[in-house]
Amino acid sequence: MTRLYKVIRTIIVSVLAVVILVPAMLYLVLSLPSVQKHICHIGERELTQLLGANVSIGSVNISPFNKLAANDVTVEVAPGDTALRVKRLGAGIMLGKLIFDGRVVISFAELIGVDARLSRDSSNAPLNIQPIIDRLNPPKNDDNPTFYDLRINNIVIRQGAVSYDVINAERKPGRTLDFNHLRVYDIKADILLPRIKNDDYSVDLKRLALAERSGLRI
């Protein structure tokens, strides 16, 4: 009986050691600067290939074990034309839902310090991000539709800004609202996406605040 007790105790201790040590070792490995730098390079390469634009990531932070944040992200659509800068892009995924339900549930997403700059040479010219739009919207294949089903519990946007400029259009004087030269800033938003499917989606806008350089505030 004593031997059986020792065997059971050894098994339990071994299982607990594996359960505790393996995640701890994994976290330590993911915390190494060299590993995080390698993850940056992988993210840059994959996103550049996906968007067809030069993507740069300053650094990444990984928290055990379902949270990832990318810092100082830029998307350059052409030399000297950076269409997007993000100080911090973070997300968390609920692993239990993914493992047991087979559904992607993002517990939160945060975009801090977003600065999007859209432009076109003239009113009839395409946007500077048109190649990205075209790349993300390939021709539909009705014979093999892509099915997806996910949920984002909360999207937090802070310190956001978006500008739009028609380059050959003159600016209106003073603090007049100029639709050819818009600059929206101080964007704050809290958004819930309880359902995102290939054939259905819903959006719950809980909070929105912004200002435009003409003096307009919402």
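- Rounding to the nearest 0.5 Å places CZ of Arg207 at 12.0 Å from CD1 of Ile191.
- A donor-acceptor pair is defined here as one N or O able to donate and one able to accept, closer than 3.5 Å; no such pair exists between the side chain of Thr48 and the backbone of Arg45.
- Residue Tyr185 is not grouped with residue Leu118 when hydrophobic side chains (ILVMFWY) are merged at heavy-atom distances under 4.5 angstrom, including chains of intermediate members.
- For the pair Arg85 (side chain) and Arg117 (backbone), a donor-acceptor distance under 3.5 Å is absent.
- To the nearest 0.5 Å, atoms CG (Asn54) and CG (Asp81) are separated by 12.0 Å.
- Applying the side-chain contact (heavy atoms from CB on, under 4.5 Å) test to Ser59 and every residue at least two apart in sequence or in another chain returns Asn71.
- The CG atom of Asn154 sits 5.5 Å away from atom CG of Asp190, with the distance rounded to the nearest 0.5 Å.
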Return all side-chain donor-acceptor pairs below 3.5 angstrom for residues 160-168, not counting sequence neighbours, or 'none' if the list is empty.
from	atom 1	to	atom 2	distance (Å)
Tyr164	OH	Arg120	NH1	3.0
Asp165	OD1	His181	ND1	2.7

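- In this structure, CD1 in Ile157 is found 12.0 Å from NZ in Lys188, a value given to the nearest 0.5 Å.
- For the side-chain contact (heavy atoms from CB on, under 4.5 Å) with Asp178, the lone residue among Lys172, Arg213, Glu170 that qualifies is Lys172.
- The two residues Ala211 and Arg217 come nearest to each other via the heavy atoms CB-NH1, 3.5 Å.
- One hydrophobic cluster, built from ILVMFWY side chains closer than 4.5 Å, cannot hold both Ile42 and Leu89; they sit in different ones.
- With Asn128 contributing its side chain and Ser119 its backbone, the two residues share a donor-acceptor pair below 3.5 Å.
- The existence of a salt bridge linking Lys206 and Asp204 is excluded, since no basic side-chain nitrogen approaches an acidic carboxylate oxygen closer than 4.0 Å.
- In this structure, the side chains of Glu212 and Arg175 stay at 4.5 Å or more apart for every pair of heavy atoms.
- Side-chain heavy atoms closer than 4.5 Å link hydrophobic residues (I, L, V, M, F, W, Y) into clusters, and following such links, possibly through other members, connects Leu205 to Val184.
- Every salt bridge (charged side-chain N to carboxylate O under 4.0 Å, His left out) that Glu110 has, sequence neighbours left out, goes to Arg88.
- Side-chain atoms of Glu76 come within 3.5 Å of backbone atoms of Gly80 as a donor-acceptor pair (strictly under, hydrogens ignored).
- Both Leu68 and Val75 sit in one connected hydrophobic cluster of ILVMFWY residues. Membership requires side-chain heavy atoms under 4.5 Å apart, directly or through other members.
- Within 6.0 Å of the CD atom in Gln49, the count of heavy atoms belonging to other residues, nucleotides or ligands does not exceed 12.
- Proximity of Leu177 to Leu182: side-chain heavy atoms (C-beta onward) are separated by under 4.5 Å at one or more points.
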For this session: For Glu44 and Val73, run side-chain contact (heavy atoms from CB on, under 4.5 Å): C-alpha distance rounded to whole Å, both residues' side-chain angles, the deciding distance at 0.1 Å, then the answer.
Result: CA-CA 9 Å; Glu44 290 173 341; Val73 180; over 6 Å; no
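- Here CG of Leu127 is found 10.5 Å from CD1 of Ile132. Values are rounded to the nearest 0.5 Å.
- Residues Ile39 and Val55 fall within the same hydrophobic cluster, defined by Ile, Leu, Val, Met, Phe, Trp and Tyr side chains chained together at heavy-atom separations under 4.5 Å.
- To the nearest 0.5 Å, the span separating CG on Leu84 from CG on Asp115 amounts to 8.0 Å.
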